[in-house]
Amino acid sequence: MSEKKRVLLACPAKHALPWYWVKSLVQLLATKSDKYEFDYVTEAGNNAINIARNIIADHAIKSPRNYWKMVMVDSDAHWSVEQFLRLLEHEEPFVAGPYCRKTGGPVSWLCVRTKGTEIRPDGMMECDFLGTHFFAYEIEALKKVVAHFPERVFTYDDEHGQDSRNTMCELFPIGIVGANTPEGRLRTIKKVIKQVEDGEWGAKGEENFWGAYKSICDIATKPQEGEVRMLGEDYHFCHLARQAGFKLYCDRDLNPIGHVGDIIYPVGPNQNSVAQEFPFNSTLLDQW
């Protein structure tokens with residue numbers, strides 16, 4: 001009999017977990033599976049959701065338990081064991097379950113389809129951006145994203161006291177992206193350097209050097225053209241993962257994950273909206 005794959009169920013929670021979430025947790029931990037072994041962790045009491053997600057991801061990556069996948073499930077998710085197990089069946093490294101904003105009327109999905117994508121027979125749909133409400137991460141893929149962004153590794157002081165300084169990678173930032181950000185300018189400068197190396201600036205020599213130098217100075221000091229956008233921590237992770245070469249998928253055949261507010265969303269006649277109603281990406285963030 002082959003060794004079971006170890007899966008971490010993780011929850012970033014500001015407060016105590018609600019009863020409906022704990023009920024699903026207990027059912028999952030009681031599940032007898034021939035394929036998987038389940039662990040559970042929560043980062044509770046942290047009001048900054050992006051920091052909570054980063055701490056959880058760092059734990060999953062560095063844990064001696066050698067996790068195969070981590071499934072992050074938000075505390076306001078109304079989910080079931082069946083939905084959880086279905087998410088694990090996919091081979092793709094980053095897969096999410098569909099869910100929507102906490103609004104009435106037409107369903108507002110927190111998934112942004114990739115332009116031109118076709119929905120596969122198994123229900124999988126490539127997306128540019130996905131909410132991380134109910135999201136499966138392959139740990140080896142997460143490690144590759146970390147390796148792709150060494151500049152995002154930082155040192156932090158653990159809240160438990162002295163002699164607890166650690167490092168982690170900021171995989172879930174909240175902030176702006178675009179040509180005028182430091183990251184956007186560096187990406188453009190790297191393109192100029194590559195053009196010089198590839199001979200696209202003409203014959204190598206002093207004139208070529210000073211032309212590239214002036215262009216780099218302009219990129220570093222003058223306003224750049226292009227749209228600047230604010231991204232939340234979930235869409236920002238997707239932006240980084242795509243820059244690292246990964247594709248993101250939503251399992252559109254999975255029943256929508258409930259988003260708990262005053263009631264459980266989605267509601268009304270549109271709650272089973274077809275995948276074609278998912279919005280398309282209209283920006284080229286991955287070029288920044």
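Atoms considered below: every heavy atom in the structure, side chains included; atoms not considered: hydrogens, waters and symmetry mates.
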(request) Return yes when atom NZ of K62 has more than 12 non-hydrogen atoms of other residues, nucleotides or ligands closer than 6.0 Å, and no otherwise. (result) yes

(message) Nearest 0.5 angstrom please: Y99 OH to T132 OG1, how far?
(response) 5.5 Å

(message) How about NZ on K144, more than 12 heavy atoms from neighbouring residues, nucleotides or ligands closer than 6.0 Å, or not?
(response) no

(request) Mind jotting down which residue pairs meet the side chain to side chain donor-acceptor pair (under 3.5 Å) criterion with at least one end in residues 10-19? Sequence neighbours excluded, please. (result) none

Could you pull out every donor-acceptor pair under 3.5 Å between side chains of residues 255-265 and any protein atom, sequence neighbours left out?
unit_1 : atom_1 : unit_2 : atom_2 : d
H259   : ND1    : C100   : O      : 2.6
H259   : NE2    : D76    : OD2    : 3.1

(message) So, using ring pair (Phe, Tyr, Trp, His ring centres under 6.0 Å) as the criterion, who are the partners of Y67 when residues are at least two apart?
(response) none

(request) Work out which heavy atom in I219 is nearest to a heavy atom in R185; give both atom names and the distance. (result) O-NH1, 2.6 Å

(request) Mind telling me whether Y137 and F237 have parallel, tilted or perpendicular rings, with 30° and 60° as the class edges? (result) perpendicular

(request) Give the minimum heavy-atom separation between L17 and V22, together with the two atoms involved. (result) CB-CG2, 3.8 Å

(message) With a 6.0 Å cut-off on the ring centroids, do F84 and Y36 count as close?
(response) no

(message) Which heavy atom of E233 sits nearest to which heavy atom of I174, and what is that distance?
(response) N-CG1, 3.6 Å

(message) Less than 4.0 angstrom from a charged side-chain N to a carboxylate O is my criterion; do E89 and R86 meet it?
(response) no

(request) Evaluate the side-chain proximity of V73 to W21: yes if any heavy-atom separation is below 4.5 Å, no if none is. (result) yes

(message) Can you list everything that forms a side chain to side chain donor-acceptor pair (under 3.5 Å) with H78? Sequence neighbours excluded, please.
(response) none

(message) Tell me whether R53 forms a cation-pi arrangement with F135, defined as NZ or CZ under 6.0 Å from the six-membered ring centre and within 45 degrees of its axis.
(response) no

(message) If I compare all heavy atoms of T117 with all of M125, which pair ends up nearest, and what's the gap?
(response) CG2-CG, 4.3 Å

(request) List for me each residue that meets salt bridge (Lys or Arg N to Asp or Glu O under 4.0 Å) alongside R152, sequence neighbours excluded, and say none if there are none. (result) E170

(message) Holding to ring pair (Phe, Tyr, Trp, His ring centres under 6.0 Å), I want the full list of residues that pass it with F149, two or more places apart in sequence or in another chain.
(response) none

